[in-house]
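Sequence positions, counted from 1, serve as the residue numbers for this chain. Counting convention: from 1, in listed order, for ligands and their atoms alike.
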Amino acid sequence: MTVSQTGPATPDTGQAPPMISLRGVDKYFGDLHVLDHIDLEIPRGQVVVVLGPSGSGKSTLCRTINRLEPIDAGEIRVDGTVLPSEGKELARLRTDVGMVFQSFNLFAHKTILENVTLAPIKVRKKDKAEARANAEQLLARVGIAEQKDKYPAQLSGGQQQRVAIARSLAMEPKVMLFDEPTSALDPEMVNEVLDVMVSLAKEGMTMVVVTHEMGFARKAADRVVFMADGAVVEDTDPESFFTAPSSDRAKDFLGKILGH
Ligand SMILES: Nc1ncnc2c1ncn2[C@@H]1O[C@H](COP(=O)(O)OP(=O)(O)OP(=O)(O)O)[C@@H](O)[C@H]1O
Ligand SMILES: [Mg+2]
């Protein structure tokens, strides 16, 4: 029953719904309250950097938006539609949300081009030639067109992560989630990945980015969401967050990361 799964329609105010909306989202792992009543609305085209100490729930937040993790209470909408918890409709709607992880998770036995065309052909039932042409364009956009016939192990970490981004984009997502996309990279490769993310942001992609790269947060974020113990503690613009954090938790966090 598609109708009951998608819930009541967003009231027609004549405006587009937020691209991502979480209302009263709770999640537990056993006794641990890992997401504590999260309310978050992210408009179309906004770039949100999520910061917070280890274990504060940043990865879990991303995974629930993508329905890799079920929630215990509340509601999550992407572009106005509630994601069902399972079934075919979930598989289709999940492709609206692209996700890039710290580990690139490329298919080792497929070429770079095959990595990017696989899901569009299998899931989106795209014509092979069209999927190829699109993949070549995306690989050019992330600066690795000439690597398309290689295998993942023949690429540097930064190049592999750019393939992972191209692969997500090939599904034409409405939203991109990044969970520490540069944390596994050697320092000299971080910028080549961040540059791709900055250009994606400029092109108007709605993005949620968990990162320790404060330069990216200052330069590319429209908004900083600071989490502690599963709750959103601060939600403000980057300038205010970095220069005048209001909570002790955020001051403590910033002191630790900016202190050296
Ligand atoms: N599958 C799981 N089962 C049980 N507990 C989990 C599971 N995944 C995460 N947790 C716990 O939930 C809390 C939030 O974890 P999460 O990975 O979301 O934090 P994080 O903010 O991403 O941390 P980090 O900065 O270290 O990546 C942590 O206490 C973690 O140990
Ligand atoms: Mg994490």
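- Taking only nitrogen or oxygen atoms, main chain and side chain alike, K58 reaches within less than 3.5 Å of ligand 1.
- The residue among G55, S183, A228 with a heavy atom at the shortest distance from atom 28 (C) of ligand 1 is G55.
- Within the structure, ligand 1 has P53 among the residues with a heavy atom less than 4.0 angstrom away.
- A donor and an acceptor atom, one from each side chain of T64 and E69, are nowhere located under 3.5 Å apart.
- Between D229 and R249 a salt bridge is recorded (basic side-chain N to carboxylate O distance below 4.0 Å).
- One finds no salt bridge joining K148 and E146 here, because no Lys/Arg side-chain nitrogen approaches an Asp/Glu carboxylate oxygen to under 4.0 Å.
- Note on ligand 1: G57 sits in its first shell, one or more heavy atoms being nearer than 4.0 Å.
- Regarding atom 3 (N) of ligand 1, its nearest protein heavy-atom neighbour is F29 CD2, 3.5 Å.
- Remark: E114 does not engage R167 in a salt bridge, criterion side-chain N to carboxylate O under 4.0 Å.
- Not one N or O on the side chain of K58 forms a donor-acceptor pair closer than 3.5 Å with the backbone of V50.
- One finds a salt bridge joining R141 and E203 here, because a Lys/Arg side-chain nitrogen approaches an Asp/Glu carboxylate oxygen to under 4.0 Å.
- Judged purely by atom type and a 3.5 angstrom limit, Q161 uses its side chain to pair as donor or acceptor with the backbone of P181.
- Side-chain atoms of N115 come within 3.5 Å of backbone N or O of K110 as a donor-acceptor pair.
- Under a 4.0 Å heavy-atom criterion, E180 is in contact with ligand 1.
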Just do the side chain to side chain donor-acceptor pair (under 3.5 Å) check on T111 and D149 with the steps written out, would you?
-> CA-CA 5 Å; T111 66; D149 296 321; 5.3 Å; no
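- Residue contacts with ligand 1, taken as heavy atom pairs separated by less than 4.0 Å, involve L32 solely via side-chain atoms from C-beta onward.
- Under the 4.0 angstrom criterion, atom 31 (O) of ligand 1 counts as lacking any protein heavy-atom contact.
- Taking every non-hydrogen atom of S56 and a distance limit under 4.0 Å, the qualifying atoms of ligand 1 come out as 19 (O), 21 (O).
- Within the listing of ligand 1, atoms 17 (O), 18 (O), 20 (P), 22 (O), 27 (O) sit less than 4.0 angstrom from a heavy atom of S59.
- Taking 2.8 Å as the threshold, S59 counts as a candidate ligand of the Mg ion (ligand 2), since one of its N, O or S atoms lies below it.
- Protein heavy atom at the shortest distance from atom 26 (O) of ligand 1 is S54 OG, 2.6 Å.
- Of the protein's non-hydrogen atoms, the one nearest atom 15 (O) of ligand 1 is T60 OG1, 3.8 Å.
- Counting only heavy atoms, the protein gets under 4.0 Å from atom 7 (C) of ligand 1.
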